[in-house]
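Structure first, commentary second.
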Amino acid sequence: MPELPEVETVRAGLAQHVIGARVEDVEILDSRSLKRYPPGPAAFTAELIGKTFQSVVRRGKFFWLPIADDLALSGHLGMSGQVLIRSAAAPADGQTRIVLHLKKPSGEPIEFRFIDQRIFGSLAVVDLVPTSDGGPGGYSPEASVSNTIPAEAAHIARDPLDPMFNLKSVVERLSSKNTEIKRAVLDQNLISGIGNIYADESLWRSRVHYATRASDLSKRKLRELVEVATEVLQEAVEQGGTSFDEQYKNVNGESGYFVQELAAYGQTGKPCPRCGGPIRRDSWANRGSHFCPRCQRKKS
DNA sequence: AAAAGTACCTGCGCGC
DNA sequence: TGCGCGCAGGTACTTT
């Protein structure tokens with residue numbers, strides 16, 4: 001479940017289930033899901049066993065669970081990752097790569113199952129380093145957040161749901177980019193959390209063509225685009241994210257419903273909800289871009 | 001240095 | 001039915 005709303009849905013679900021839970025055992029079914037953790041499976045297991053989770057934090061599409069002042073279990077879902085919380089007796093889930101066997105404070109055993117079809121996602125135990133701006137590492141409304149972040153996510157910009165997100169500075173930086181606006185919106189170093197779905201939806205709502213040069217857009221238009229993207233992300237979080245198929249679920253295995261609100265992404269050939277013209281898909285940057293050729297004219 | 005291209009994976013649906 | 005191709009929610013690394 002890969003963009004900010006899906007990762008936030010997972011983060012919130014994890015916070016409900018695993019805060020206070022202790023790691024009893026670890027099963028590595030496919031070590032490729034530890035590819036960002038060079039020490040390997042034995043070290044991963046040794047680091048985690050006996051640790052208790054106190055919070056679940058997210059920045060952009062990265063999430064982490066601190067296990068010490070300077071250490072965290074961190075994860076990224078890539079294109080096809082999921083986390084499911086299951087009872088120990090639940091049937092196996094396909095594509096399960098790593099299982100953390102946890103014990104809740106009540107004594108109830110549960111399983112944290114990391115599932116990932118394409119293995120672009122991964123888990124790791126990583127150092128927490130001070131944030132570059134000295135603020136909290138990320139978003140975690142139900143627990144206090146230290147001013148640290150996993151080293152592997154230190155370069156990720158704050159996302160629009162972060163209390164320290166700075167609209168003005170993001171607009172400034174977008175404005176200076178000599179590249180297509182969609183590339184800039186997808187650049188996690190400028191603004192994090194937005195992927196292909198929410199980029200297309202945000203561009204559609206603000207009537208911007210994906211290939212417009214960022215520097216050709218007015219600051220006012222860029223500000224509108226970022227504000228609209230923030231609304232899109234918030235609405236999608238409220239709907240539990242976007243689920244197209246069996247692959248994208250929350251930690252309880254339930255779908256999100258933002259797919260019903262999509263105006264452009266995946267709507268090729270369907271009428272634009274604004275003007276009625278057909279939505280088009282262009283091949284773009286080794287992926288797709290969905291837009292309304294009538295409402296979203298390329299500037300200059 | 002910034003921007004653009006490619007590699008990393010599995011599985012599905014499509015046309016032939 | 002089988003097979004090759006294009007496609008899928010992302011990131012890090014390499015090249016220009």
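Worth knowing before you read on, the calculation uses all heavy atoms, side chains too, and leaves out hydrogens, waters and symmetry mates. In what follows, chains are A, B, ... by sequence order, proteins preceding strands, each numbered from 1.
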* How is Lys177(A) classified with respect to the nucleic acid when contacts are heavy atoms under 4.0 Å: base, sugar-phosphate, or nothing? -> sugar-phosphate

* Structure fact -> Heavy-atom nearest nucleotide on DNA chain B taken for Asn178(A) and for Ala285(A); more 5' hit belongs to Asn178(A)

* **d(CD, Gln117(A); C1', dC7(C)) in whole Å** => 12 Å

* Asked: Hey, where on DNA chain B does chain A first and last touch, going 5' to 3'? Cut-off is any atom under 4.0 Å from a heavy atom.
  -> dA3(B) to dG11(B)

* Asked: Salt bridge between Lys61(A) and Asp159(A), side-chain N to carboxylate O under 4.0 Å?
  -> no

* State which residue, out of Trp284(A), Tyr265(A), Tyr210(A), fulfils the ring pair (Phe, Tyr, Trp, His ring centres under 6.0 Å) condition with Phe291(A). => Tyr210(A)

* Asked: Should His155(A) be listed as having a side-chain N or O under 4.0 Å from OP1 or OP2 of dT11(C)?
  -> no

* Please report the shortest heavy-atom distance between Pro2(A) and Gly78(A), naming the atom on each side. => CB-O, 2.9 Å

* Figure out the OH/P separation between Tyr198(A) and dG10(C), and round it to whole Å. => 10 Å

* To do: Indicate yes or no: at least one non-hydrogen side-chain atom of Leu217(A) is less than 4.5 angstrom from one of Ile181(A).
  => yes

* To do: Pick the P atom in dG6(C) and in dT6(B), then give their distance to the nearest Å.
  => 14 Å

* Asked: Any Lys/Arg nitrogen of Arg32(A) or Asp116(A) sitting under 4.0 Å from an Asp/Glu carboxylate oxygen of the other?
  -> no

* So does His76(A) get a side-chain nitrogen or oxygen closer than 4.0 Å to the phosphate oxygens (OP1/OP2) of dT11(C)? -> yes

* In whole angstrom, what separates Asp200(A)'s CG from dG10(C)'s P? -> 10 Å

* Can you tell me if the side-chain N/O atoms of Arg287(A) get under 4.0 Å from OP1 or OP2 in dA8(C)? -> no

* **Span that lies between the P atom of dC9(B) and that of dC3(C), in whole angstrom** => 24 Å

* Non-neighbouring partners of Tyr37(A) that pass ring pair (Phe, Tyr, Trp, His ring centres under 6.0 Å), sequence neighbours left out -> Phe44(A)

* Asked: Between Lys35(A) and Gln95(A), which has a closest nucleotide on DNA chain B that is more 5'?
  -> Lys35(A)

* Contiguous pairing runs of three or more, Watson-Crick or G-U under 3.5 Å, that involve DNA chain B -> B:2-8 with C:10-16, B:10-16 with C:2-8

* At under 4.0 Å between heavy atoms, what does Asp116(A) touch on the DNA or RNA strands: base, sugar-phosphate, or nothing? -> nothing

* NZ/NE/NH1/NH2 to OD/OE distance under 4.0 Å, Glu27(A) and Arg113(A) -> no

* To do: Give the ring-plane orientation class for His76(A) versus Phe62(A), where under 30° counts as parallel, over 60° as perpendicular and anything between as tilted.
  => perpendicular

* Using a cut-off of 4.0 Å on non-hydrogen atoms, how would the nucleic acid contact of Phe244(A) be classed: base, sugar-phosphate, or nothing? -> base

* To do: Test the Arg59(A)-Trp64(A) pair against the cation-pi criterion, namely NZ or CZ under 6.0 angstrom from the six-membered ring centroid and within 45° of the ring axis.
  => no

